[in-house]
Number of protein chains: 2
Amino acid sequence: MSRVFWMGSVQHMQMSEGVEWALHSCLNLAWAESGTAVTATKLAAFYGLPAAYLNKQLQALARAGIVASTSGPRGGFRLAKALKDITLMDVVVAIEGPDAAFRCQQILRSGPDADPTVDYRTACVVSQAMSRADLAWRRELAAQTLADIRATVESRSPDTPELTRNRLAAK
Amino acid sequence: MSRVFWMGSVQHMQMSEGVEWALHSCLNLAWAESGTAVTATKLAAFYGLPAAYLNKQLQALARAGIVASTSGPRGGFRLAKALKDITLMDVVVAIEGPDAAFRCQQILRSGPDADPTVDYRTACVVSQAMSRADLAWRRELAAQTLADIRATVESRSPDTPELTRNRLAAK
DNA sequence: GCCTTGCTACTCGGATACTTTCTGTCCGAGTCAATGTGG
DNA sequence: CCACATTGACTCGGACAGAAAGTATCCGAGTAGCAAGGC
């Protein structure tokens, strides 16, 4: 009796959803921009996101030099580079930080035949194998720019640029 | 005044350190095994890990069919497959769960021109791009088996099998 | 002497606390623009 | 009419709570072996 059903794994190792917000916001900035800055509030209203929290993510993009921020009336955010110079990797690093998903804790340090002079982050074979996968991931992210994304979106939905511009221009 | 120094990004999107523990423990099981099971306590003592928590990770490996568990005296864990049939991907999925790192929240659902009939996890261009990177990561993890890891370790440190076996055999 | 039976010690398994990270909110510093005033 | 100081509202920026996940621990269910007792 009382059979136990395994409900499936819980959600592990997920990146912040701020990455998704940041990517879409950058695209919207590219479509909206005609020399004017867009406030975090407007960008958040686009998807019903909490404005203050999106603002936090945009700050991270600003620190990374992806967007530029202006305070005061008529202030807001605008792209600091061309879309073709912004890779997915740039955005992910800006939001999630530069560290690899797999963190080698160097547990071999505590093992029976440990050598204190060795850095197991580079020497440990397990760590090397995991790093290989991380590098493949990063390579793929770095190979795609936001310009590529925009081009694909516009080819599928040609109305998107105008719709977005209008929506952001509206008070 | 009171200049603020940015301390660098905090550590985001890190996978559980249980992955590292699980990988090393599987290798140790392969070296120790001579038909006998090894307890979680012994495996934990190898690196000074909390035994009960390592046990938790080993349970996850057991659910995934990577190791088999036996209760009672002379019980413990032993490999359920050959090392060549265990990929890094298998271990990561067992510990971290099957979900991708990037979770498309389908924020386009809340966008201005949303189509409720569309599943944006597959339709959203941003999601597709992120998935491409995830797939590259998974492909790399699936391409490496624990047998590969063992072979590399043994070629670099030929003493490891015997050292490990002796250490695990010791009371 | 051998079989049966009960017991004890041992191990996994999942339920339970504690810590860190992520998510969300708030208020202050700075800024630009409009407005009113004086020349 | 034009220049300038003042005011005011608006926006980002970082500091401050709440929620969720990761980490660590504990105790119970089950099992295998051992020991004692009976045949």
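Since we're looking at a predicted model, the values are computed, not measured. A note on names: the letters A, B, ... follow the listed sequences, proteins ahead of strands, and every chain is numbered from 1.
- Within 6.0 Å of the NZ atom in A:Lys84, the count of heavy atoms belonging to other residues, nucleotides or ligands does not exceed 12.
- Residue A:Ser69 places its side chain closer to D:dC12 than to any other of D:dT23, D:dC12, C:dG13.
- The phosphate of C:dG14 has OP1 or OP2 within less than 4.0 Å of a side-chain N or O from B:Arg63.
- A:Arg78 comes within 4.0 angstrom of nothing in the nucleic acid, heavy atoms only.
- Across all non-hydrogen atoms, the minimal contact from B:Asp134 to B:Phe102 is OD2-N, 3.6 Å.
- For the pair A:Met15 CE and C:dT23 P, the computed distance is 11 Å after rounding to whole Å.
- Each of B:Ala52 and B:Arg74 lies near DNA chain C, and the nucleotide nearest B:Arg74 is the one positioned closer to the 5' end.
- Between B:Phe77 atom CZ and C:dT11 atom C1' there is a gap of 9 Å when expressed in whole angstrom units.
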What N/O pairs connect the protein and nucleotides 28-30 of chain C at under 3.5 Å? Give each pair on its own line.
residue : atom : partner : partner atom : Å
C:dG30  : N2   : A:Gly72 : N            : 3.4

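- Whole-Å rounding puts the B:Gln57 CD to D:dT25 C1' distance at 14 Å.
- The separation between B:Glu17 atom CD and D:dG22 atom C1' is 9 Å, rounded to whole Å.
- Using a 4.0 Å heavy-atom criterion, one finds that A:Thr41 contacts no nucleic acid atom at all.
- As judged by a 4.0 angstrom heavy-atom cut-off over every strand, A:Ala37 is placed among residues making no nucleic acid contact.
- Here B:Thr70 does not reach the OP1 or OP2 of C:dT11: none of its side-chain N or O atoms lies under 4.0 Å away.
- Ranking C:dC12, D:dA24, C:dT25 by closeness to the B:Pro50 side chain, first place goes to D:dA24.
- Seen from the ring of B:Phe46, B:Arg167 counts as a face-on cation partner, given the 6.0 Å and 45° thresholds.
- Following rounding to the nearest Å, A:Tyr53 (OH) and D:dA19 (C1') show an atom-to-atom distance of 11 Å.
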List, with names and distances, any nitrogen or oxygen atoms from the protein found under 3.5 Å away from nitrogen or oxygen atoms belonging to nucleotides 16-19 of chain C.
none

Before giving the answer on ring pair (Phe, Tyr, Trp, His ring centres under 6.0 Å), spell out for B:Trp21 and B:Tyr53 the whole-Å C-alpha distance, their side-chain angles and the decisive distance to 0.1 Å. CA-CA 10 Å; B:Trp21 301 0; B:Tyr53 191 34; 5.4 Å; yes
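- An OP1 or OP2 oxygen of C:dG14 is reached within less than 4.0 angstrom by a side-chain nitrogen or oxygen of B:Gln59.
- We find that CG of B:Asn55 is positioned 14 Å from C1' of D:dT23, with the value rounded to whole Å.
- In this structure, the side chains of B:Leu43 and B:Leu29 come closer than 4.5 Å at one or more pairs of heavy atoms.
- In the set D:dT23, C:dG24, D:dC12, the nucleotide with an atom closest to the side chain of A:Thr39 is D:dC12.
- The CG atom of A:Leu54 sits 14 Å away from the C1' atom of C:dT25 (whole-angstrom rounding).
- A:Ala62 comes within 4.0 angstrom of no nucleic acid atom, judged by non-hydrogen atoms across all strands.
- Judged by distance alone, the side chain of A:Thr160 and the main-chain N or O of A:Ser157 form a donor-acceptor pair under 3.5 Å.
- In the set C:dC12, C:dG24, D:dC12, the nucleotide with an atom closest to the side chain of B:Ala40 is C:dC12.
- In this structure, a donor-acceptor pair under 3.5 Å is present between the side chains of A:Thr145 and A:Asp148.
- Donor-acceptor pairing under 3.5 Å is recorded for the side chains of A:Asp90 and A:Thr87.
- Counting to the nearest Å, the P atom of C:dT21 and the CD1 atom of A:Ile95 are 18 Å from each other.
- Residues that satisfy the side chain to side chain donor-acceptor pair (under 3.5 Å) test with B:Thr122, not counting sequence neighbours, are absent from this structure.
- Between the side chains of A:Asn28 and A:Ser25, not a single donor N or O lies within less than 3.5 Å of an accepting N or O.
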